Protein chains: 2
Amino acid sequence: MASIKDVAKAAGVSVSTVSRTINDNPFISSATREKVLKAIKELNYSPNRMAQSLSNNNSYTITLIVDIENEKSFYNSFFYEVMHGIEKVVYQKEYCLIVSNLNTVLKNENVLDWLIKGRRTEGVILPSSIIDSKTIKKLKENNIPFVSIGEPENLRETINWVDINNRKAGEQAANYFIDNHRRKIAFIGYDDSKVFNRRRFEGYKLALENNELNYETNLVIKGGNSKNDGFRMMKDLLNEKDLPDSVICADNLMSIGAIRAIQESGLSIPEDISLISFDNSQIAEIMYPTISTINVDVYELGLQSAKLLFELIENPGKREQELLISTNIEERETTEQEHQ
Amino acid sequence: MASIKDVAKAAGVSVSTVSRTINDNPFISSATREKVLKAIKELNYSPNRMAQSLSNNNSYTITLIVDIENEKSFYNSFFYEVMHGIEKVVYQKEYCLIVSNLNTVLKNENVLDWLIKGRRTEGVILPSSIIDSKTIKKLKENNIPFVSIGEPENLRETINWVDINNRKAGEQAANYFIDNHRRKIAFIGYDDSKVFNRRRFEGYKLALENNELNYETNLVIKGGNSKNDGFRMMKDLLNEKDLPDSVICADNLMSIGAIRAIQESGLSIPEDISLISFDNSQIAEIMYPTISTINVDVYELGLQSAKLLFELIENPGKREQELLISTNIEERETTEQEHQ
DNA sequence: TTGTATGCGTTATCAT
DNA sequence: ATGATAACGCATACAA
């Protein structure tokens with residue numbers, strides 16, 4: 001493989017001149033530039049990134065830490081979509097994207113420490129779930145810019161983060177029903193241990209209040225996100241004396257069980273009970289009936305995270321930012337479109 | 001950040017000695033080793049990977065090229081699961097995994113060229129779909145070991161590849177039905193433009209022949225893999241005079257439509273028609289009924305690919321290998337377990 | 001505008 | 001067993 005020296009020799013100039021040509025240095029005559037460019041082409045030369053890295057003290061690499069509880073739990077393709085958004089901007093910047101699992105351990109330390117100590121990354125994008133004061137301290141001490149995927153919780157420090165606008169999303173869901181003359185809007189799968197879930201619930205409540213609707217506690221069911229959870233919660237709801245005319249599922253999987261419960265009870269969707277869920281995956285489209293959702297653009301989430309990260313890399317000392325990605329409603333068969 | 005020089009100074013030895021200590025060189029007295037180790041700990045020293053890369057001419061990085069037709073088509077989490085398998089072995093080897101999209105373009109060249117020319121990768125794992133003679137030539141010329149995810153097609157060259165044992169999988173599906181005294185086994189979604197699909201079909205045929213069952217062409221329906229495809233194909237099948245007693249879906253999504261069609265016709269699953277599909281995702285588990293599948297271990301596929309890649313990296317000139325990952329049957333509600 | 005020399009942090013060769 | 005030094009490929013301060 002040709003090195004910068006070979007090019008210099010071939011072009012009859014010094015290595016510095018070649019280096020300047022590569023890096024678009026303005027102080028170079030167009031005559032010699034042509035010579036150099038010609039030699040570069042003839043030798044099929046391309047700078048060695050490793051050497052550039054060492055010289056510039058820049059790894060030209062950013063890292064995505066992915067949060068997988070265990071090897072078999074990657075059902076949820078959330079991070080995969082996030083990754084593609086990130087990828088887009090990273091390669092545009094001529095950086096590389098390295099991906100690693102949160103619980104990878106190397107030489108008795110976690111990947112993040114390993115990457116930082118090896119000077120292999122210029123910035124990191126990581127899930128809010130793993131961010132604590134210790135991690136923040138470490139990253140800051142090493143001057144590694146980072147952005148959190150998801151709103152962090154229980155944190156004294158202000159950090160940069162990007163998330164879906166879940167409060168607005170909850171509001172959107174409730175407003176949609178209200179616009180469609182639904183008045184008894186249930187919210188199932190409420191789980192206040194998860195920020196995104198709590199935010200959606202807040203939005204739901206807010207929309208009710210803004211429309212002077214009563215907030216009925218018996219229409220809010222707490223629970224998890226499995227299909228069985230959804231089934232049970234919906235059953236509970238259907239056992240009440242007065243039924244809801246619409247349901248917001250706080251997360252995606254539970255909606256499948258909930259729909260099943262409604263169908264089993266003999267009620268029809270969307271006529272008797274209209275249903276909306278939150279999603280970004282194919283599930284909503286493959287079910288019978290297809291599920292109306294507040295569409296969550298996870299690709300955009302990744303894209304914006306990466307953009308923010310590069311802003312931090314390029315302008316150190318920038319103020320912390322919080323960014324919320326807006327959602328939109330995707331009407332499918334579990335809702336009807338009366339209001340249009 | 002402390003460099004090897006700082007450590008040398010602190011320990012009162014030369015940089016060579018420190019380097020030897022780091023690299024477990026045997027010709028070093030335990031006394032000085034202790035001194036060096038102590039200094040390393042005190043200075044919190046860690047070797048700079050960029051410098052090691054330059055000196056050793058090793059990027060300590062391997063690349064996964066992911067095949068995404070467009071930004072919105074990452075529904076299928078196939079590559080995400082593959083990635084986790086790869087990740088596992090890559091970091092075990094203290095390498096990094098960089099991930100990039102197939103159609104990323106940099107400086108008028110594709111990522112692969114860019115990575116190779118920048119000496120940023122020691123090996124690459126890429127989908128069979130993008131492997132052609134030109135790509136092979138390029139990789140071989142640059143001495144970059146590579147392994148294909150999936151059996152390649154229309155290739156003169158022999159290359160290293162890993163795939164699911166799809167023929168065996170097809171056989172497994174058919175044999176399962178045969179063992180359960182099903183005799184009219186349909187195969188829907190046959191698509192001979194896809195290797196994995198064709199292999200499954202071959203296995204299906206093989207199992208029939210081995211059991212002296214008639215191969216009935218009207219029980220084989222060609223088609224795609226959408227839920228609507230599945231619905232239509234199953235409808236076609238149900239319009240025949242003699243119905244199948246069991247159905248093998250050549251791919252996952254179509255099974256959802258197929259099940260729907262059976263249900264609409266008033267037949268029951270699995271009593272009247274038993275159904276099996278191929279999958280590795282959550283879909284099979286969230287449907288009503290849950291779908292029996294030939295379980296495809298995509299994580300293992302990634303893991304083995306990476307293992308093979310490192311074998312190639314460590315033993316250049318090794319003979320080409322083909323590796324098939326075996327499948328197993330996951331019985332769920334669309335089949336009954338008579339044979340046990 | 002161009003060239004020379006030095007440094008980036010390692011490893012490897014050759015002494016000792 | 002240890003040390004001095006060149007080399008890896010590039011960027012840059014300084015000199016010309």
Side-chain angles (χ1 to χ4, degrees), chain A residues 1-40 43-61 94 114-122 142, chain B residues 1-40 43-61 94 115-122 142-143:
Chain A
M1 289 250 106
S3 82
I4 199 170
K5 276 185 195 163
D6 303 317
V7 177
K9 202 170 294 174
V13 297
S14 72
V15 288
S16 11
T17 304
V18 179
S19 178
R20 289 193 188 97
T21 312
I22 296 169
N23 297 294
D24 294 319
N25 185 309
F27 303 117
I28 193 161
S29 74
S30 52
T32 54
R33 162 175 292 121
E34 292 315 313
K35 274 197 303 187
V36 173
L37 255 26
K38 183 159 159 282
I40 286 179
L43 295 172
N44 190 27
Y45 166 76
S46 199
N48 181 325
R49 256 303 198 218
M50 298 297 115
Q52 289 184 320
S53 286
L54 182 60
S55 189
N56 297 339
N57 193 28
N58 184 338
S59 61
Y60 299 103
T61 303
E94 294 181 22
W114 183 72
L115 289 168
I116 292 175
K117 293 179 77 175
R119 271 66 130 226
R120 291 186 71 144
T121 190
E122 301 304 306
N142 288 281
Chain B
M1 288 249 107
S3 82
I4 198 170
K5 278 184 193 162
D6 303 317
V7 177
K9 201 169 297 174
V13 297
S14 73
V15 287
S16 341
T17 304
V18 179
S19 180
R20 289 194 187 95
T21 311
I22 294 169
N23 297 295
D24 294 318
N25 185 308
F27 302 117
I28 193 160
S29 74
S30 53
T32 54
R33 163 174 291 121
E34 293 314 315
K35 271 196 305 186
V36 173
L37 255 26
K38 183 156 161 285
I40 286 179
L43 295 172
N44 189 28
Y45 166 77
S46 199
N48 181 326
R49 255 302 198 221
M50 299 297 114
Q52 290 184 319
S53 286
L54 182 59
S55 188
N56 297 340
N57 194 27
N58 185 336
S59 61
Y60 299 102
T61 302
E94 294 182 20
L115 289 169
I116 292 175
K117 294 179 75 176
R119 270 62 129 231
R120 290 186 72 143
T121 190
E122 301 304 305
N142 288 281
N143 282 315

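A, B, ... follow the sequence lines: proteins, then strands. Residue 1 opens every chain. These values consider heavy atoms only, across backbone and side chains, with no hydrogens, waters or symmetry-generated copies. Treat the numbers as computed from the prediction; the structure is a model and nothing was measured.
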Euclidean distance, atom NZ of residue B:Lys9 to atom P of C:dT10 [Å, nearest integer]: 14 Å
Rounded interatomic separation in angstrom, taking CG from B:Leu54 and C1' from D:dA6: 13 Å
Identified side chain to side chain donor-acceptor pair (under 3.5 Å) counterpart of B:Ser59 within the set B:Arg120, B:Arg119, B:Glu122: B:Glu122
For atom CG of A:Asn25 and atom C1' of C:dT2, their distance in whole Å: 11 Å
Distance-minimising heavy-atom pair for B:Ser53 and A:Met50: CB-SD, 3.5 Å
B:Ile28 CD1 to D:dA1 P, straight-line distance once rounded to whole Å: 9 Å
For atom NZ of A:Lys35 and atom C1' of C:dG3, their distance in whole Å: 12 Å
Crowding at NZ, B:Lys117 (>12 non-hydrogen neighbours, <6.0 Å): yes
Nearest-nucleotide comparison on DNA chain D, the residue closer to the 5′ end among B:Ala31 and B:Asn57: B:Ala31
side-chain hydrogen bond (donor to acceptor under 3.5 Å, both in side chains) assessment of A:Ser16 paired with A:Ser19: CA-CA 5 Å; A:Ser16 11; A:Ser19 178; over 6 Å; no
Integer-rounded Å distance: C:dT1 P and A:Glu34 CD: 15 Å
Heavy atoms from other residues, nucleotides or ligands near NZ of B:Lys35 exceed 12 (cutoff 6.0 Å): yes
Atom pair CD1 (A:Ile4) and CG (A:Leu43), whose distance is rounded to the nearest 0.5 Å: 12.0 Å
Rounded distance (nearest 0.5 Å) linking atom CG of A:Asp24 with atom CZ of A:Arg33: 7.0 Å
Footprint string (nucleotides 10-16 of chain D, 5' to 3'): B base within contact, S backbone only, - free, heavy atoms under 4.0 Å: BBBB---
Axis bend over the full length of the helix from C:dT1-D:dA16 to C:dT16-D:dA1, computed from five pairs that close each end, to 10 degrees: 40°
Taking every non-hydrogen atom, the tightest pair across A:Leu54 and B:Leu54: CD2-CD2, 3.3 Å
Sugar-phosphate only, base, or nothing, as touched by A:Thr32 at under 4.0 Å among non-hydrogen atoms: sugar-phosphate
All salt bridge (charged side-chain N to carboxylate O under 4.0 Å, His left out) counterparts of B:Glu94, not counting sequence neighbours: A:Lys107
Atom pair distance, as rounded to whole Å: OH in B:Tyr60 and P in C:dT10: 12 Å
